[in-house]
Amino acid sequence: MSMYGRDPWGGPLEICHDSATDDDRSRNLDLDRAALSRTLDETQQSWLLAGPGDQGRKKKRYVDLGCLLVSRKLFLWSLGLLLAAAALAGIAAGIAKAVPRHQAPPAPPDQFTLALRKALMFFNAQKSGKLPKHNNVPWRGDSCLKDGRSDQTSRRDLSGGYYDGGSAVKFNFASAFSMTLLSWSVIEYNAKYEAAGELGHVRDTIKWGADYLLKTFNSTARSIDRLVAQVGGAAMSEGPSQPNDHYCWMRPEDIDYPRPVTECHTCPDLGAEMAAALAAASIVFKDNRVYSHKLLHGATTVWDFARKGGSRQTYSVPRSDAAKFYNSTAYWDEYIWGGSWMYLATGNSSYLQFATDAKLAKNAHIYSRPPNYGVFSWDNKLPGAQVLLSRLRLFLSPGYPYEEMLRTYHNQTSTIMCSYLPDFRSFNRTKGGLIQLNHGQPQPLQYVVNAAFLASLFSDYLEAADTPGWYCGPHFYSIEVLRSFARTQMEYILGKNPLKMSYVVGHGKHYPKRVHHRGASIPKKKGVHPGCKGGWTWRDTKKPNPHIIVGAMVAGPDRHDGFKDVRRNRNYTEPTLAGNAGLVAALVALSGEGHGVDKNTMFSAVPPMFPSPPPPPAPWKP
């Protein structure tokens, strides 16, 4: 064996000299061929096959992607192309977003939403006192800023609030009911007001009324002995010794005579209604804790006043102005109504115990059928209270000891809803289809809108409770029947009647032009201030009013569908605060798409009806 070992290529490691003979080279070549007959690896082949200039070249680089070996150059080019494509796609998407799209316009508001927006404007036209900057009624201004201060018995600031109708009198009984009704509608249909763009407007409307009610008694005290029932005089006799708000025909801004203040010391009906108004408003403004607490404190104070023992009588004493325009026939219904709202605002079960007391219900005549049975109004709160308490039973079902009376109220509510249907003859209807809830008496529309609101609301209660309808005797009626009643009555008011007349001023093309309203009937001229009798010319003229009192619902047609657009006939053409409150409530209940009430806000202050059980006792130890 050679000492030099063996070359890896198969040949010897000796250094060959040029002196080797050709025979030697030939022999070595034969040996090399035999060595090359075996397989070579890559490194050996590269060295063997490389040319003289190949040793200095750069090696080709690759990128290992795990399952794939890719050329580094190809990988970089592909990555660059992908990034460029992503950038172009982003630019294209940005351009597409920037270009305005031609979308289909949103569906126009329904007629109930349009009428709702106008109906709320009426309250702007009725505001008394220092008006806000954006009142949006150009022909109105500050008025009656000295109310209360000029009265020798009151001597307090009673500016603000709302004028009731076509005159400048402020009747607190009707005003408080109006605020309660508006608050109720906001609590139930907050989302619908927001969808219509009127939530802020209606909240401002309620606050304006509630702030004034707080002025009518010592709302910071715990106990009071009097309430302001009325501001302004309403004597209707011709030629009185003192000018008053009914005898004179003047713009409120021009009133220069002293306005009397009427107080009451034993008036449970007014006190309970004011408590209901403030309690309901406190729920509306629960997002403002300070203001809500202020309202609730005032409600508690005035409720305690309404519940005082001793001699009780209605606020509208005989021969008073209130007895002529807003006569209260009893106070038991206000007790149930006010007690229900106090419970919902406070969660104090003593109020619910009071509202469901069997003796109180009997005094309120829930088992009898008086002429105004089922007719919800500023005088008769019982139908509204029963619907409100039916809500409590449907959604919370408090059980014993309230269940028996709550079931009675619920059954009474079902009976009232039956009485609204044309299949029953509890109330007549005009040939045009208007229900005669006040049995053919004048000014029917204020009662119709309240019934439409209760019917819509109760149908929404049933739907929220997964109840498809209710029974009238052996017959079952679906909730859509109630909604149909509410819709047809409101459509009549908005113009679907024999005269094609909209009884909401400013809604539609044909509506009353000679509304019984002092401010709207007298032109606003700078420097011109007609006196007490100076406006009689405008009262008696047959010309249309110079100002349109947008959203005012007039008193309405007679029992034959007839209507006289005459300014002096208030039974046809005068709007009222309570009437428009019911109008707003009914319109919002029917407005927009879909149905449904806010089930929870009403019960925000009510504690759980069934408290959690106590913890189990500790285990016994011997």
Side-chain angles (χ1 to χ4, degrees), residues 173-174 176-181 183-184 187-188 267-280 282-283 299-300 302-309 312-315 328-370 372-396 398 401-417 450-451 453-454 457-458 461 578 602-603 605-606:
F173 189 57
F177 171 72
S178 303
M179 296 304 106
T180 312
L181 198 51
S183 293
W184 192 5
I187 296 167
E188 302 285 10
C267 42
D269 45 359
L270 176 59
E273 181 56 65
M274 287 178 60
L278 296 174
S282 75
I283 302 175
T300 304
V302 77
W303 174 260
D304 291 342
F305 167 82
R307 290 287 299 133
K308 275 185 178 180
R312 294 172 180 164
Q313 61 179 358
T314 60
Y315 90 104
S328 176
T329 54
Y331 55 82
W332 305 108
D333 55 320
E334 275 84 16
Y335 271 173
I336 300 176
W337 173 248
S340 301
W341 281 110
M342 289 298 295
Y343 170 68
L344 293 169
T346 65
N348 187 333
S349 61
S350 65
Y351 294 114
L352 182 59
Q353 292 172 4
F354 177 77
T356 56
D357 183 85
K359 292 182 179 179
L360 176 61
K362 184 178 180 181
N363 289 334
H365 303 291
I366 71 164
Y367 302 107
S368 60
R369 295 290 187 274
N372 65 345
Y373 177 80
V375 182
F376 185 39
S377 71
W378 47 264
D379 179 37
N380 183 18
K381 315 298 172 28
L382 186 58
Q386 292 183 137
V387 171
L388 194 61
L389 291 169
S390 297
R391 181 194 216 276
L392 183 66
R393 182 172 188 256
L394 284 167
F395 296 153
L396 293 188
Y402 315 110
E403 170 61 21
E404 183 177 355
M405 279 310 305
L406 289 179
R407 183 174 63 249
T408 300
Y409 290 142
H410 191 173
N411 291 338
Q412 291 286 324
T413 297
S414 298
T415 302
I416 291 170
M417 297 302 150
N450 289 346
F453 171 62
L454 292 187
L457 187 60
F458 188 63
Y461 286 170
M602 182 73 80
F603 303 131
V606 176

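Any value given below was found using the heavy atoms of this structure, including those in side chains, with hydrogens, waters and symmetry copies removed. The residues of the chain are indexed from 1 along the displayed sequence.
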Holding to salt bridge (charged side-chain N to carboxylate O under 4.0 Å, His left out), I want the full list of residues that pass it with Arg407, two or more places apart in sequence or in another chain.
Glu403
For residues 360-368, run the donor-acceptor check on the side chains, cut-off 3.5 Å, and write out each pair with its distance to 0.1 Å, sequence neighbours left out.
residue : atom : partner : partner atom : Å
Asn363  : ND2  : Lys359  : O            : 3.4
Ser368  : OG   : His365  : O            : 3.1

Under 6.0 Å between ring centres, would you say that holds for Tyr331 and Tyr315?
no
Salt bridge (charged side-chain N to carboxylate O under 4.0 Å, His left out): pairs with one or both residues in residues 328-352, sequence neighbours excluded
Glu334-Lys381
Sequence neighbours excluded, the answer for ring pair (Phe, Tyr, Trp, His ring centres under 6.0 Å) partners of Phe458 is none
The criterion is ring pair (Phe, Tyr, Trp, His ring centres under 6.0 Å); which residues satisfy it with Phe354, sequence neighbours excluded?
Trp303, Tyr335
Could you report the tightest heavy-atom contact between Ala174 and Ser178, atom names first, then the distance?
O-OG, 2.8 Å
Atom of Ala276, atom of Gly338 and distance for their closest heavy-atom approach:
CB-CA, 4.0 Å
List the steps and the verdict of side-chain contact (heavy atoms from CB on, under 4.5 Å) for Tyr409 and Ile336.
CA-CA 11 Å; Tyr409 290 142; Ile336 300 176; 3.7 Å; yes
Partner residues of [X] under the side chain to side chain donor-acceptor pair (under 3.5 Å) criterion, sequence neighbours left out:
X      : result
Trp337 : Glu273
Thr356 : none
Asp379 : Thr329

Kindly write out the residues that satisfy side chain to side chain contact (heavy atoms under 4.5 Å, CB included) with [X], not counting sequence neighbours, or none if the list is empty.
X      : answer
Ser183 : Ile206, Ala280, Ala281, Val284
Asn348 : Thr346, Ser350, Tyr351
Ala345 : Ala279, Ser282, Ile283, Leu296
Ala277 : Ala176, Met179, Thr180, Leu213

Looking at Arg307, is its backbone amide N or carbonyl O close enough to the side chain of Arg312 to form a donor-acceptor pair, meaning the two atoms are under 3.5 Å apart?
yes
Looking at Tyr461, I'd like to know if the NZ or CZ of Arg393 sits under 6.0 Å from its six-membered ring centre while staying within 45 degrees of the ring's axis.
no
For a side-chain contact (heavy atoms from CB on, under 4.5 Å) check, start with the C-alpha distance between Trp332 and Leu382, then their side-chain angles and the critical distance, and finish with the verdict.
CA-CA 9 Å; Trp332 305 108; Leu382 186 58; over 6 Å; no
Can you check whether Phe177 reaches Ser377 side chain to side chain, under 4.5 Å on heavy atoms?
no
Verdict with supporting geometry, Gln386 and Phe376, side-chain contact (heavy atoms from CB on, under 4.5 Å)
CA-CA 10 Å; Gln386 292 183 137; Phe376 185 39; over 6 Å; no
Could you walk me through whether Leu344 and Arg391 pass the side-chain contact (heavy atoms from CB on, under 4.5 Å) test, one step at a time?
CA-CA 11 Å; Leu344 293 169; Arg391 181 194 216 276; over 6 Å; no
